[in-house]
Amino acid sequence: MEKNVALELKNITKTFGSVVANKDISLKVRKGEILSILGENGSGKTTLMNMVAGIYFPDSGQIFADGEEIVIASPKDAFQHKIGMIHQHFKLVDVFTAAENIVLGLEDEKGFDMPKYVEKIQKITAQYGFELDPYKKIYEMSVSEKQTVEIIKVLYRGADILILDEPTAVLTPQETVKLFKVLRNMREDGKAIIIITHKLHEVLSLSDNVAVLRKGEYIGTVKTAETNEAELTEMMVGKKISLNIERSAVEGGEDRLVVENISCINREGVKLLDNVSFSVRSGEILGIAGIAGSGQRELLEAIAGLQHLEEGKVIYHNPKTGEEEDLRDRTPLEIRQMGVRLAFVPEDRLGMGLVGNMDIVDNMMLRSYNKGQSLFLQRKAPKGLAEEIVDRLEVSTPSLATPVRRLSGGNVQKVLVGREIASSPTVLMAAYPVRGLDINSSYTIYNLLNEQKKSGVAVIFVGEDLDVLIELCDRIMVIGSGRITGIVDGRNTTKEEIGILMTKSDAACMQEGGEGENA
Amino acid sequence: MRKLDNFFLKVASGSYGHIIKRDDIIWWKAWGIRILSVFFALIVCGFVTVSLTDLNPIEMYVTMVEGAVGTPRLTWNLFQNTAILLCVSLALTPAFKMKFWNIGGEGQILIGGLATASCMIFLGGKLPNGVLIPIMFLASVVAASIWALVPAYFKTRFNANETLFTLMMNYVAIQLVAYFTLEWSVPKGSGTPRTLEFGQLPTLLGQKYLINILVVIVLTVLLYIYLKYSKQGYEISVVGESEKTAKYIGINVKKVILRTMAISGALCGVAGFLLVAGTDHSLKSDTSGGRGFTAIMVSWLAKFNPVFMIVTSLLIVFLQKGASKISEVYRLNSSFSDIITGIIIFFIIGSEFFINYRIKLARKEKNV
């Protein structure tokens, strides 16, 4: 056995019910190495790492640390073996300071000595090049600072093997660069680092080796220096596919929805949308880019009549009558009664767009149940619609009577998008419609959006993958901390340009008194 | 302590075995598990009986059955009690389906009963029963509805916690009824509740409780249809499953909450009406007899399905009657019958866990 192997997994299998999340997976990570675990959503990356971190227990297989077989039955066991995991969702106490969060839960025989702890924390930050004020409260922190706290928490406990679950999902490109620098410093120090990701360019720029998982199976490990994007994609997806998304020219292009100077605040009085103005034209796809939680949700909900606005107007140009109508502060029902055909695919599919415990037919009925004078439900038409959607969008479901929560993410999304499109909308808003979907389902969704665009629908697409936004959208609007920081042409922009726009607002906000909230 | 800690950690992380959610279970398997749980409950009760008393458990069970259905009178009694409990359970169900925790059934029943009793006292003798009874019915339904609307209004207006609110309203109702019981007692102030002679529900086919039972059967069918096939029932389900979804598709959530609580209260009012006019012919502060609370269990056990509720309410009443017979015959105090009922219900509720989950033991591994 090699001397410097920090952690080795052998034949790990884990099942949940009838779903095999990990099948017979073996891999190694050495000291002073950054290993990327690459795979699509649902390929079992997080499950695998959760077993190393003591969250789950494998059904079978062995784990070795420093060449010795170990049993990790709890996060405590994991720490004993110097393994620490930074989860995607932070587990911090908001009203505590960074230092308090870091030492929380540690037993110190000699009593509680904060200055001593802070000294140790500062030593760690200096060593690896973190930027952190140990006395800052969590609720005052940006997402990236919170992540720093989580990482230091793990280092403070003496972890030599660090696992980071999708660490860049919530970071701006600039913050990502900083994080990578820190991770490289840790590598120099001899730590073993595993990062879970599905972003190819990060894998290529950061890691030494890449382990690829596909549908719970281990496909192989390759040296980063000897591979390229195409090869990794093929390993990840199983076959070569072109990343080209079709984009037709915009036809028509008259203003369909014009948003004028809208603002809204949350309960604490923080501005979620700040003087936002833009227009969406018929027959185009307007992309919205931004860091998660910058006001995308509020913007769409404001248009859909779910968010109270402090000021501004949402003007709808009715293509039939040619009239202009203000949708501000109307309820969704009123908007529909005004003859505005607005379809909305929300981010929270099962919590908002659909009812998880109801079957496909009853979910179809959500939009149409109230039609007609009868006191009773008409299940015939929704049933027909359900059959049509299952058939046309190839939804795989045991039956129409299966509760939608039992369907996989991609199928859930097909059901939701299918229903929304069925109402032949004039405006279609979709928030993160491909999040958690495999590549095939994602393309089904892109095609559906394109179809709508061609038939003259004004499409608003909120996305997180800049590559997709640039390929799919006619125009891309960038939002940062509730403000529009720029609108660029999708045909001749670059990721860098959008990245700069995404962060621009942060800096501007901080100068103006630190209103930039972190969601 | 640390050992215990580690033990729990290991259980939680699955070192010993896993709890796995079942995808689906065939209906006969589910019922098999339920019947098995009753069987185990009876065995455990047997042990408890032998260790606490010197009784033969088999004999005890026979007494129990006799206590519930031993004579035609007892059987009718059983059905009448089941009907009332079922009525209250039906009443709570729409609210529960909406995830509005109406714990105020007790108070809503009493207010319904109070309305019925006041009609019987003030209008009795002045109107023929054919006119009086519909008025009584209407009055109790309206009164209980309004009583239930109070917490619903505060919920929609100020987002007040409905569980606490409905619970508190019970005490107000109990004291109100206690006041009027004393006021109307004969002689006044004695506390002996007055027998209400006018407006009693008619005897059908020689059975004085038959009409109660028929009314509740009709309500069961109506509520089943309402929840499953009506647009309003659908709205209730959507609001209960996800208020966000309801808002997203444009359901007026506040309106649905108010409307559903009005229905919930109205049905409790019917229970109060049946109790006062059909069963007791008098009003006391314990007329509702805890049914507002027992019904919560009936409704949950039946998973909010009105038809299953027939079974669960019958089961609960059967246990209550049987157990009280045991204490009576063997001169045990009533705690013993409560213990028996408690054990049986514990097993039945516990069986739901095995219907939803299965346990897979970890195979032995070295180093564990």
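Scope of the values below: all heavy atoms of this structure, side chains included, with no hydrogens, waters or symmetry mates. Residue numbers start from 1 in every chain, and the chains themselves are labelled A, B, ... in the order their sequence lines are given, proteins ahead of strands. What you see is a predicted model, and the numbers here were worked out from it, not measured in a lab.
More than 12 heavy-atom neighbours from other residues, nucleotides or ligands sit within 6.0 angstrom of CZ on F293(B). The neighbour count for K91(A) NZ, taken as heavy atoms of other residues, nucleotides or ligands under 6.0 Å away, is above 12. Other residues, nucleotides and ligands place more than 12 heavy atoms under 6.0 Å from the NZ atom of K303(B). When the shell of 6.0 Å around CH2 of W101(B) is examined, it contains more than 12 heavy atoms from other residues, nucleotides or ligands.
In this structure, R367(A) forms a cation-pi arrangement with Y248(B), its terminal cationic atom sitting closer than 6.0 Å to the ring centre and no more than 45° off the ring axis.
Of all the listed residues (G305(A), G356(A), A304(A), S374(A)), the one sharing the greatest number of non-hydrogen pairs under 4.5 Å with chain B is S374(A).
From K228(B), atom NZ reaches atom CZ of F376(A) across 13.5 Å, with rounding to the nearest 0.5 Å. Taken from CG in D362(A) to CD in E241(B), the straight-line distance is 10.5 Å, to the nearest 0.5 Å. In this structure, CG on N370(A) lies 8.5 Å from CD1 on I249(B), to the nearest 0.5 angstrom. The CG atom of L377(A) lies 7.5 Å from the OH atom of Y234(B); values are rounded to the nearest 0.5 Å.
Interface remark: E420(A) contributes side-chain atoms only to the contact with chain B (heavy atom separation under 4.5 Å). The parts of M365(A) that come within reach of chain B are both its backbone and its side chain, each placing non-hydrogen atoms under 4.5 angstrom from that chain. For a residue to count as touching a neighbouring chain, one of its non-hydrogen atoms must lie under 4.5 Å from one of that chain's; by this rule D348(A) touches chain B with the side chain only. For L354(A), the part sitting under 4.5 Å from any heavy atom of chain B is the backbone (N, CA, C, O) and nothing else. Both the backbone and the side chain of L366(A) have a heavy atom closer than 4.5 Å to some heavy atom of chain B.
The shortest distance between side-chain heavy atoms of V238(B) and M358(A) falls below 4.5 Å.
One N or O on the side chain of S242(B) and one on the backbone of G351(A) form a donor-acceptor pair closer than 3.5 Å.
Listed here is the closest heavy atom pair of K231(B) and K371(A): NZ-O, 2.8 Å.
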Verdict with supporting geometry, Y369(A) and E235(B), side-chain hydrogen bond (donor to acceptor under 3.5 Å, both in side chains): CA-CA 9 Å; Y369(A) 83 98; E235(B) 286 177 347; 2.4 Å; yes
